[in-house]
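We number each residue from 1, following the sequence as shown. Both ligands and their constituent atoms are indexed starting at 1 by order of listing.
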Amino acid sequence: MPNQNLQEFLLGHLNELRKQGLYNEIDVVKSPNGPIIELEGKKLINLSSNNYLGLATDERLKEAAIEAIREWGVGAGAVRTINGTLSVHIQLEDRIAEFKGTEAAIAYQSGFNCNMAAISAVLDQHDAILSDELNHASIIDGCRLSKARIIRVKHSDMIDLRRKAQEAKESHQFNKIMVITDGVFSMDGDMAKLPEIIEIAEKYDLITYVDDAHGSGVLGAGAGTVKHFGLQDKVDFQIGTLSKAIGVVGGYVAGKKELIDWLKVRSRPFLFSTAISPADAAAATKAIELLMKNKELNERLWANSDYFKKGLKDLGFDIGMSETPITPCVIGDENKTQQFSKRLYEEGVYAKAIVFPTVPKGTGRVRNMPTAAHTQALLDQAIAIYAKVGKELGII
Ligand SMILES: *Cc1c(COP(=O)(O)O)cnc(C)c1O
């Protein structure tokens, strides 16, 4: 017999969500996650992946993964600190450090895990964290796990950050204070104001932590938001993911040698969760090598996203304040946003609606992620569908 309390809890909440239209039915994709995807027997232009550079389906990465499986098998066999550290992991970490311009790097099983790992490895209840209110869920959870005092900062509001940093510092309540931010904010596509954040950090002696999941492979000719601003020597923690532009799965922290040495002995996902598979490590290494050698994919990503953004803007859509390929198309009303996304789907474009509580009430949007793998013809087709649906629903 299932526990009755649990069943009541689950049924009650599931019914409530369904009644409010907030229960997310998971779409099952029947094809690789490329520029065109297949769902329900239908082919759609895919504008919802994080596969910025098209590397998730790149033949060179596939070959690297297959070769690694032949040589190493499918699993690492242990956690990194026992005997799950294979030479493929060290190669990956060496490449990441080179790519990021840091002394060292450590790989984790996901970007999410990096934030579970790194924050609580250095902070505890005697410390404080200044955290942008729009930081990613994994940052929020990582901060909570550390037990440090969390001080929410208004989104990219440097006056608020400066004031709260000063207050925290001058209260003499905390041993250490960290400022933590996304490099690129995933719902709006805006960049963190890193030069000002660093200046405030220097003034108030803050540890600096940038989670650049959406900046890596995208900004700074691929090396990320920190490189974009030339601040590699000023950021203590550079977090990245291997799951978005890199196209595989995993995450990493790049920084000083002492930091990485410490994370290797104290960060719990490194100690207590099995290492990423040899195939993932080899494919991610290949991706980083490609990006370091060749800027072409990165340039194509930007050319495509500039083209697509201009297309939507010229039609009269509100594309918010994005500074990166992330292209929100802000509709506003939640129901209308859902309806818009549904009509796009029927016409052949897969672009997910993102509504409250993921974004503030009244700012519902359809989020588009053009990639290096889209052709101009596909983007033209998508823009034409946007025009049709936008007019039909009275949005443009
Ligand atoms: C996507 C994302 C993550 C999670 O990365 P995964 O590798 O998919 O676990 C972490 N942080 C930020 C800021 C992200 O955007």
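Protein heavy atom closest to atom 11 (N) of ligand 1, with residue, atom name and distance, is D211 OD2, 2.6 Å. Atom 8 (O) of ligand 1 has its closest protein heavy atom at S243 OG, 3.7 Å. Among all non-hydrogen protein atoms, the one lying nearest atom 1 (C) of ligand 1 is K244 NZ, 1.5 Å.
Outside the 6.0 Å centre-distance limit, the rings of Y252 and F99 are not counted as a close aromatic pair.
K361 and E334 are not joined by a salt bridge, as no carboxylate oxygen comes within less than 4.0 angstrom of a charged side-chain nitrogen. Salt-bridge formation is detected for the pair R152/E133: a Lys NZ or Arg NE/NH1/NH2 atom is positioned less than 4.0 Å from an Asp or Glu carboxylate oxygen. Ion pairing of E196 with K193 is absent here, as no side-chain N (NZ or NE/NH1/NH2) approaches a carboxylate O to less than 4.0 Å. Of the charged side-chain nitrogens involved, at least one lies within less than 4.0 Å of a carboxylate oxygen, so that K342 and E346 count as a salt-bridged pair. K264 and D261 are not joined by a salt bridge, as no carboxylate oxygen comes within less than 4.0 angstrom of a charged side-chain nitrogen. A salt bridge links E347 and R343; the closest N-O separation between the charged side-chain nitrogens and carboxylate oxygens is under 4.0 Å.
Classified by interplanar angle (parallel below 30°, tilted 30° to 60°, perpendicular above 60°), the ring pair H155/F185 is perpendicular.
Residue contacts with ligand 1 include G250, since one of its heavy atoms falls under 4.0 Å from the ligand.
The heavy atom nearest to atom 5 (O) of ligand 1, considering only G111, G240, C114, A213, is found in G111.
Considering backbone and side-chain N/O of T241, one or more are found under 3.5 Å from N/O of ligand 1. Below 3.5 Å of separation, one finds no N or O of S186 facing any N or O of ligand 1. Some N or O of F112 is nearer than 3.5 Å to an N or O of ligand 1, by distance alone.
Interface atoms of ligand 1 facing D182, defined by a heavy-atom separation under 4.0 Å, are 13 (C). Residue-ligand proximity, H214 to ligand 1, at heavy-atom distances under 4.0 Å covers atoms 15 (O).
With a heavy-atom cut-off of 4.0 Å, S138 touches ligand 1 through its side chain alone.
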